[in-house]
Amino acid sequence: MKLPYCPHASMSQSTLILECTEADLRKAGELIRGGELVVFPTETVYGLGANALDPKACRKIFQAKGRPTDNPLIVHLSSLDQIPRYTRNVPAMHLKLLERCMPGPITFVLPKAPAIPDIVTAGLPTVALRIPSLEEARKLISYAGVPIAAPSANLSGEPSPTTFEMAYHAMAGRVAAIVRGRMCDVGLESSVVRLEKNRLELLRPGYITVETLLKLGEEFGLEVVDMSQVLVEKPASPGTKYTHYKPKATVYLFSSLEDVLSPLLSIPPTTRILCTEQSGSKDMLDRILSMGIDTVVFKNITDYARQLFFQFHRADEEGISTILAYYPPPAGIGLALRNRLIKASGGRFV
Ligand code: TXA
Ligand code: MG
């Protein structure tokens, strides 16, 4: 079998490639239960999983990623009935809301039970819980027989993997096994939401939008607060304080193709534009394409979100030095895209 280029092959631990078959998912589950690291697909991004109840196994996650230990991990469950075991005093009304949203690309921060080790939560009194909607991921968790702590399977600071090849590139030689799934449907990490007594606080925007949370808030009598935009000294979601999602190429943002066509802008030769059909008028897009500038045009922002990290990876593989990326309006998944794009670009605009 031909495998993608692996930059860490020399340091390996040999890494097993597993498929999404029953037998292989069982094998992956056994490895996790035995304290090993396993990379696996979810609907959002590939995760780097370990037994969440085993502090030694969880410590390996931080080593494999080069992740600071003050950045807590998400604990993945296979079904709703496991929630009470790993949380404390979650009111019935909150449980109803969780039932409504899970499984899905959303993570809830709740008061933690003592069963969850401190290394998972970076000493916080809360734990982030997620039930993936991808069936293969839930099967793996249930075969493991333990909750799975899993950050995205990238090296700290790099874009999250959304294909098997990206996960392999980042983690071969660092983990016991990688489960090969298809390209992730969502392509950005889950929305992280903290459930407080009377409030739903959005800590990290994702596929589940503010608009959806506002509807839920109305139904369940909860105030919805978007904390993800607030730059506070001690961020509520510790991971949001680190630079992130950065490809090797330098990323510049633009709000309309008009900015790219500005006569003052000189475009270096190894530049690629990432935009959608809505990034400017048809006429502008035609002009850019006719100028021969390397351009990837997505149908809409959902497709853009799905492919963003993959396109970052692809650009790096192809030696692209500059990426000009469309910065969409903040509606729907546009908010999550803006969040990732600001971090990837350091907030630079053309
Ligand atoms: O879609 C996803 O969420 C993926 C897949 C693998 O499930 N996972 C993921 O994990 O993105 P990670 O580690 O890359 O991001 C977890 C985020 C971080 O921003 C972290 O700070 C936050 O969740 N987080 C975890 N526990 C928390 C807690 N107790 N309170 C506040 N934020 C927390
Ligand atoms: Mg991550």
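Scope of the values below: all heavy atoms of this structure, side chains included, with no hydrogens, waters or symmetry mates. Indexing begins at 1, ligand by ligand and atom by atom, following the structure's order.
Among the atoms of Ser160, no N, O or S atom is found under 2.8 Å from the Mg ion (ligand 2).
Of the N or O atoms in Thr42, none lie within a sub-3.5 Å distance of an N or O in ligand 1. Considering both main-chain and side-chain atoms, Tyr46 never comes within under 3.5 Å of ligand 1 through any nitrogen or oxygen pair. Looking at Ser152 next to ligand 1, an N or O pair under 3.5 Å apart turns up. In terms of polar-atom proximity, defined here as any N/O pair under 3.5 Å, Glu189 makes no such contact with ligand 1.
Using a 4.0 Å cut-off between charged side-chain N and carboxylate O, Lys96 and Glu219 make no salt bridge.
Within the 4.0 Å heavy-atom cutoff, Leu203 counts among the residues contacting ligand 1. Contact analysis leaves Lys112 out of contact with ligand 1, as no non-hydrogen atom separation drops below 4.0 angstrom. Taking a 4.0 Å cut-off on heavy atoms, Arg194 fails to register as neighbouring ligand 1.
Closest approach of Ile106 to Arg130, counting heavy atoms only: O-CG, 3.7 Å.
Shown in contact with Ser190 at under 4.0 Å from a heavy atom are these atoms of ligand 1, numbered in order with element: 1 (O), 2 (C), 3 (O). Remark: ligand 1 atoms within the under-4.0 Å shell around heavy atoms of Leu124 are 28 (C), 29 (N), 30 (N). Less than 4.0 angstrom separates some heavy atom of His76 from each of these atoms of ligand 1: 5 (C), 6 (C), 7 (O). Close contacts between ligand 1 and Thr126 involve ligand atoms 28 (C), 29 (N), 30 (N) [criterion: under 4.0 Å to a heavy atom]. Less than 4.0 angstrom separates some heavy atom of Asn71 from each of these atoms of ligand 1: 18 (C), 20 (C), 21 (O). Taking a cut-off of under 4.0 Å to the non-hydrogen atoms of Ala128, the atoms of ligand 1 that pass are 25 (C), 26 (N), 27 (C).
Around atom CZ of Phe108, more than 12 heavy atoms belonging to other residues, nucleotides or ligands sit under 6.0 Å away. Applying the 6.0 Å contact sphere to NZ of Lys27 captures no more than 12 heavy atoms from other residues, nucleotides or ligands. Atom CD of Glu258 has 12 or fewer neighbouring heavy atoms from other residues, nucleotides or ligands inside a 6.0 Å radius. Atom CD of Glu135 is surrounded by 12 or fewer heavy atoms from other residues, nucleotides or ligands within 6.0 Å.
Among Ser160, Pro72, Pro105, the residue whose heavy atom lies nearest to atom 27 (C) of ligand 1 is Pro72. Looking at Val109, Leu129, Ile148 and measuring to atom 30 (N) of ligand 1, the nearest heavy atom belongs to Val109.
One hydrophobic cluster holds both Leu129 and Val90 under the rule that ILVMFWY side chains link at heavy-atom gaps under 4.5 Å.
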Would Thr250 and Arg348 count as a side-chain hydrogen bond (donor to acceptor under 3.5 Å, both in side chains) here? Give the steps.
CA-CA 9 Å; Thr250 309; Arg348 275 180 301 257; 5.4 Å; no
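Ile323 CD1 to Asp316 CG: the interatomic distance, rounded to the nearest 0.5 Å, is 6.5 Å. Between atom CG of residue Leu216 and atom SG of residue Cys101 there is a gap of 4.5 Å, rounded to the nearest 0.5 Å.
For Arg33 (side chain) and Tyr143 (main-chain N/O), a donor-acceptor pair under 3.5 Å exists by modelled atom type.
Contacts with ligand 1 closer than 4.0 Å are made by side-chain heavy atoms of Arg204 only, the backbone lying farther away. With a heavy-atom cut-off of 4.0 Å, Glu201 does not touch ligand 1 at all.
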